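Notes follow the structure.
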Number of protein chains: 2
Amino acid sequence: MKNRLKVCRAENNLSQADLADRIGVSRQTINSIETSRYVPSTILALKLAHVFQKPVEALFELDETD
Amino acid sequence: MKNRLKVCRAENNLSQADLADRIGVSRQTINSIETSRYVPSTILALKLAHVFQKPVEALFELDETD
DNA sequence: TGCAATGGTAAAGTAAATTTTACATATAGT
DNA sequence: ACTATATGTAAAATTTACTTTACCATTGCA
């Protein structure tokens, strides 16, 4: 699964730590999602989409491996 | 988190087993998501959204507990 | 009445998400 | 040169997702 978190963070001028605080997870969780070390839960995806005011599909996209 | 899976299945006339087959998970996984026994991964949410041709937000919605 | 399909759920096991702590690196500002 | 900030990552621990097997109840149909 691809993600656009890093770009969205840049657009909103948020650090990984900022974003983590906003949605109540650790900084490493954000980093791990960004670097595709693991796939977030749907709750996290919805929270991230809410922060960036975009649909989940604008943040996460299935790829061939999924 | 609330979900509208059962209704969407009904609209598309799919059994839990049908839907499970379509996205490559067990029937119990679908049942457990529907009955909120656990929160699916973002990959599953995207796959479900794809099957029903709806945005993730039309299938899953954050509630107060999230 | 018997049977197939559907849905709910439980237990045990495996895989994966998430936290905490910790360390390393790069960069920018003082 | 020092400090602060941001990022990447690793290991261990804990929690949760997901699979497999299995059983029960309901409904509709032969």
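To find a chain, count down the sequence lines: A is the first, B the second, and so on, and within it residues start at 1. Please read these numbers as outputs of a predicted model, since none were measured by experiment.
A donor and an acceptor atom sit less than 3.5 Å apart, one in the side chain of A:R27 and one in the base of D:dG8. Between the side chain of A:Q28 and the base of D:dT7, no donor-acceptor pair under 3.5 Å is found.
Under 4.0 angstrom from either OP1 or OP2 of C:dG8 there lies at least one side-chain N or O belonging to B:N31. Distances shown here put a side-chain N or O of A:S26 below 4.0 Å from the OP1 or OP2 atom of C:dT19. The side chain of A:R37 places an N or O atom within less than 4.0 Å of a non-bridging phosphate oxygen (OP1 or OP2) of D:dT9.
Within 4.0 Å (heavy atoms only), A:S41 reaches sugar-phosphate atoms of the nucleic acid but no base atom.
Distances from the side chain of A:K6 to the nucleotides C:dT19, D:dT20, D:dG8 place D:dG8 closest. Among D:dT21, D:dT19, D:dT9, the nucleotide with an atom closest to any side-chain atom of A:T35 is D:dT9.
Counting heavy atoms from C-beta on, the side chains of B:S36 and B:N3 come closer than 4.5 Å. Looking only at side-chain heavy atoms (C-beta outward), B:I23 and B:I30 come within less than 4.5 Å of each other. Contact annotation: the side chain of B:F52 approaches that of B:L19 to within less than 4.5 Å [non-hydrogen atoms, C-beta and beyond]. The closest side-chain heavy-atom distance from A:T42 to B:L44 is not below 4.5 Å. A heavy-atom distance below 4.5 Å is found between the side chains of A:D63 and A:D66. Residues B:K47 and B:I43 have side chains in contact (heavy-atom distance under 4.5 Å, counting atoms from C-beta outward). Between A:F60 and B:V56, every side-chain heavy-atom pair lies at or beyond the 4.5 Å cut-off.
Note: CD (B:E34) to P (C:dG7) measures 8 Å, nearest angstrom. Summarising the geometry, the separation between CD1 on B:I23 and P on D:dA17 is reported as 15 Å, rounded to the nearest angstrom. Per the geometry, CG belonging to A:N3 stands 13 Å off P belonging to C:dA17, to the nearest Å. The CD1-C1' distance, from B:I33 to D:dT16, rounds to 13 Å in whole Å. Nucleotide C:dT19 holds its P atom 6 Å from the OH atom of A:Y38, rounded to whole Å. Computed from coordinates, the A:F60 CZ to C:dA17 C1' distance equals 13 Å when rounded to whole Å. Separating the CE atom of B:M1 from the P atom of D:dT16 is a distance of 14 Å, rounded to the nearest angstrom.
Contacts between residues 44-53 of chain B and DNA chain C, defined by a heavy-atom separation below 4.0 Å, involve no residue at all. Looking at residues 10-22 of chain A, you'll see A:S15, A:Q16 sit with a heavy atom under 4.0 Å from some atom of DNA chain D.
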### Query
Going through the checks in order, is the side chain to side chain contact (heavy atoms under 4.5 Å, CB included) test met by A:E61 and B:L46?
CA-CA 8 Å; A:E61 195 180 348; B:L46 287 171; 5.8 Å; no
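The residue from A:R4, A:K6, A:Q16 that alone fulfils the side chain to side chain donor-acceptor pair (under 3.5 Å) condition with A:E34 is A:Q16.
The backbone N or O of B:D18 sits nowhere less than 3.5 Å from a side-chain atom of B:D21 that would complete a donor-acceptor pair.
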